[in-house]
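Note that ligands are numbered from 1 as they come in the structure, with each ligand's atoms numbered from 1 the same way. Worth saying up front: this structure is predicted, and the values here are computed from it rather than measured.
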Amino acid sequence: MSADHVAWPPETAAHYRAAGYWRGQTFGSLLTSVAEAYAGRTAVVGERDGETSRWTFAELDERAHRIAAGLADSGVRAGDRVVVQLPNVPEFLPVVFGLWRAGAWPVFALPAHRDSELRHFATQSEAVAILTVGEHERHDHAATARAVAADVASVRDVLVVGSPEFTDLAATAPRELPDPDPAGVAFLQLSGGSTGLPKLIPRTHDDYLYSVRESARICALRPESVYLAALPVAHNYPLSSPGVLGALHAGAASVLAPRPDADTAFRLIESEGVTITGVVPPLAAAWVQAAARTTRDLSTLDVLLVGGAKCGRELAERIGPALGCRLQQVFGMAEGLVCYTRLDDPEEIVLGTQGRPISPDDEIRVVDPGDPAATSADVVPEGEVGALLTRGPYTIRGYFRAGEHNATAFTADGFYRTGDLVRRTPTGHLEVVGRAKEQINRGGEKVAAEEVENHLMAHPDVLDAAVVAVPDEYLGERTCAYVVPVAGGAPTGAQLRRFVRERGVAAFKVPDLVQVVEAFPVTGVGKTSKRELRAALAAVAKG
Ligand code: OOB
């Protein structure tokens with residue numbers, strides 16, 4: 001592949017092929033084969049603008065073929081990048097498989113992203129188009145996409161699902177297009193990030209399909225299963241852990257929830273007979289509470305996956321009794337590694353760990369947590385807390401076009417520095433105990449401290465900014481921005497929050513709290529001491 005994609009060393013790739021992990025299949029050919037095997041079964045159920053669509057595998061296959069041909073006719077070529085910003089609408093799967101069949105790479109933006117993030121994704125990926133919806137949850141996505149397209153030279157087209165132009169494109173006569181290289185990049189995912197703007201994560205057909213197949217198996221998906229995508233489907237978790245792609249692989253139906261709240265989810269669990277879904281801990285807590293008063297029949301629900309952020313022991317214990325289902329913990333990352341508790345693991349493991357890796361070839365090193373440059377050789381004694389490094393058959397070796405960042409995010413021998421602090425049990429299960437990276441995990445939504453600091457520092461009255469996590473009962477963590485004003489400046493918290501929001505960023509990145517201070521505590525070498533800022537916050541919280 002090109003220099004954009006840091007490939008696995010040839011001997012490693014050969015091993016992954018010989019072991020049967022990488023099978024030379026593309027997403028397009030996967031859909032062709034499931035459409036043959038399960039033609040008349042339901043593949044997708046979803047709502048857009050209050051209307052429900054229900055498509056079989058054969059219909060999904062045909063829609064994807066038509067969209068692929070329409071995209072090709074409109075000038076989208078193999079290897080072109082297309083920013084996809086779709087909420088949980090039924091068109092998500094036909095569009096994404098259409099792009100794959102045209103050989104294009106979806107760049108998966110989240111519905112919460114706004115102007116500044118879309119601009120960054122489009123610029124960084126040199127996207128040729130943005131594919132989105134019109135108005136959704138009181139935001140005009142099409143208008144934002146057009147504003148970005150007007151400024152980013154590479155973007156030629158904005159395609160809006162539901163518009164007459166898109167409907168025409170999706171009605172193009174289907175035809176076979178050349179299948180892309182299965183070892184090549186299939187799409188770009190987004191990193192939660194810790195330094196500056198989100199990095200783009202190149203995932204190949206070969207590596208991602210391996211994680212999809214194994215996730216479907218580990219979560220016991222069968223053609224009779226019904227998966228509910230409650231979280232935004234473009235995120236790696238509802239996409240592939242086991243997600244809508246795991247469901248598709250198994251011949252099972254995917255139901256896309258327009259919103260993740262208990263009312264919406266319980267309505268769909270009852271009406272569609274949902275058997276499995278995945279949520280983040282705050283949502284699990286909200287569902288547990290709502291289950292006590294619901295009149296909905298949730299009896300089909302068999303497995304609830306919880307992950308994206310740490311699921312505390314108390315919450316873990318309440319899930320089974322409240323929802324009448326089994327708990328499966330999942331600890332994953334868009335960069336690759338995904339760990340699951342297994343459905344036959346002892347209760348103690350299911351309640352108390354975040355699972356073990358998918359693959360026997362997922363290499364795990366728990367290394368010196370005090371040294372950000374620790375290598376894969378600096379392992380801590382068994383059972384002690386350390387920083388998690390990993391490499392394996394579906395974990396990237398580098399971000400897209402990020403040579404400089406890659407030099408620190410990966411070790412010389414190709415391990416990804418996850419930034420997570422873990423302990424490994426003798427059974428090989430991981431317990432996530434904290435984080436070394438400068439990221440706030442707001443109930444599963446990741447906020448890179450530096451990205452928000454840069455937005456704050458663009459304010460004329462702000463001299464310096466430091467964003468840290470504050471413990472939060474509901475979300476696990478929230479963001480607190482410490483701000484030092486310029487001499488004579490006196491910005492208020494409300495002004496700064498509005499300022500950040502008006503710069504066009506996802507709402508979850510707007511600081512929850514703002515503290516204006518005279519100066520920051522500093523470390524021995526004069527760096528801002530975030531540790532002391534966190535300690536000061538904790539002291540305030542205790543009163
Ligand atoms: C998932 O993916 P990302 O890329 O949004 O975030 C990855 C990070 C991890 O490095 C870790 O810091 C945190 O999210 N995380 C967890 C966790 N699951 C993810 N921290 C503690 N306990 C857990 N169970 O969040 C993601 C991707 C695929 C499947 C599930 C989650």
Side-chain angles (χ1 to χ4, degrees), residues 108-110 112-113 188-194 198-201 203 208 211-212 214-216 218-219 227 229-246 277-284 304-313 315-316 319 327-341 349-358 362 364 369 385 387-390 394-396 399 409 415-423 429-449 469 475-477 506 508-509:
F108 285 119
L110 297 172
H113 287 133
L188 299 173
Q189 261 291 358
L190 311 179
S191 77
S194 52
K199 304 287 177 294
L200 300 177
I201 298 172
R203 301 292 300 259
Y208 208 65
S211 73
V212 165
E214 287 304 294
S215 295
I218 291 166
C219 302
Y227 177 82
L231 300 172
V233 64
H235 186 274
N236 198 57
Y237 175 16
L239 188 62
S240 68
S241 299
V244 294
L245 293 176
T277 183
V279 295
V280 288
L283 197 55
L304 183 72
L305 289 122
V306 181
K310 174 78 176 265
C311 176
R313 176 85 191 204
L315 175 60
I319 286 167
L327 165 67
Q328 188 166 26
Q329 295 214 37
V330 52
F331 161 48
M333 52 205 72
E335 285 81 357
L337 181 71
V338 182
C339 301
Y340 295 97
T341 56
I349 295 279
V350 174
L351 297 176
T353 79
Q354 280 62 58
R356 64 180 167 85
I358 286 179
D362 279 323
I364 299 292
V385 171
L388 172 65
L389 309 184
T390 187
Y394 59 98
T395 296
I396 56 163
Y399 292 102
F415 280 85
Y416 168 54
R417 294 194 164 101
T418 68
D420 292 311
L421 298 178
V422 302
R423 186 186 356 250
H429 290 79
L430 298 178
E431 189 194 335
V432 182
V433 298
R435 213 168 322 114
K437 56 193 168 188
E438 299 251 335
Q439 186 185 75
I440 296 97
N441 191 334
R442 217 174 158 279
E445 289 184 309
K446 313 304 184 314
V447 182
L475 289 174
E477 291 178 355
F508 65 82
K509 294 181 191 167

- Item | Sole candidate of Leu315, Val306, Thr341 that passes side chain to side chain contact (heavy atoms under 4.5 Å, CB included) when paired with Leu327 | Val306
- Examine the side chains of Glu335 and Tyr399 and answer whether a donor and an acceptor come within less than 3.5 Å of each other. yes
- Item | Donor + acceptor pair across side chains of Tyr340, Ser215 (<3.5 Å) | yes
- Query: Applying a heavy-atom distance cut-off of 4.0 Å, which protein residues contact ligand 1?
  - Reply: His235, Asn236, Tyr237, Ser241, Gly307, Gly308, Ala309, Lys310, Val330, Phe331, Gly332, Met333, Ala334, Gln354, Asp420, Val432, Lys437, Asn441, Lys446
- Where do Val244 and Ala229 come nearest, in terms of heavy atoms and distance? CG1-CB, 4.0 Å
- Over all heavy atoms of both residues, which pair between Cys339 and Leu430 is shortest? Give the atoms and the distance, please. SG-CD1, 4.0 Å
- Given the options Arg435, Lys310, Gln439, Glu477 meets side-chain hydrogen bond (donor to acceptor under 3.5 Å, both in side chains) only with Arg435
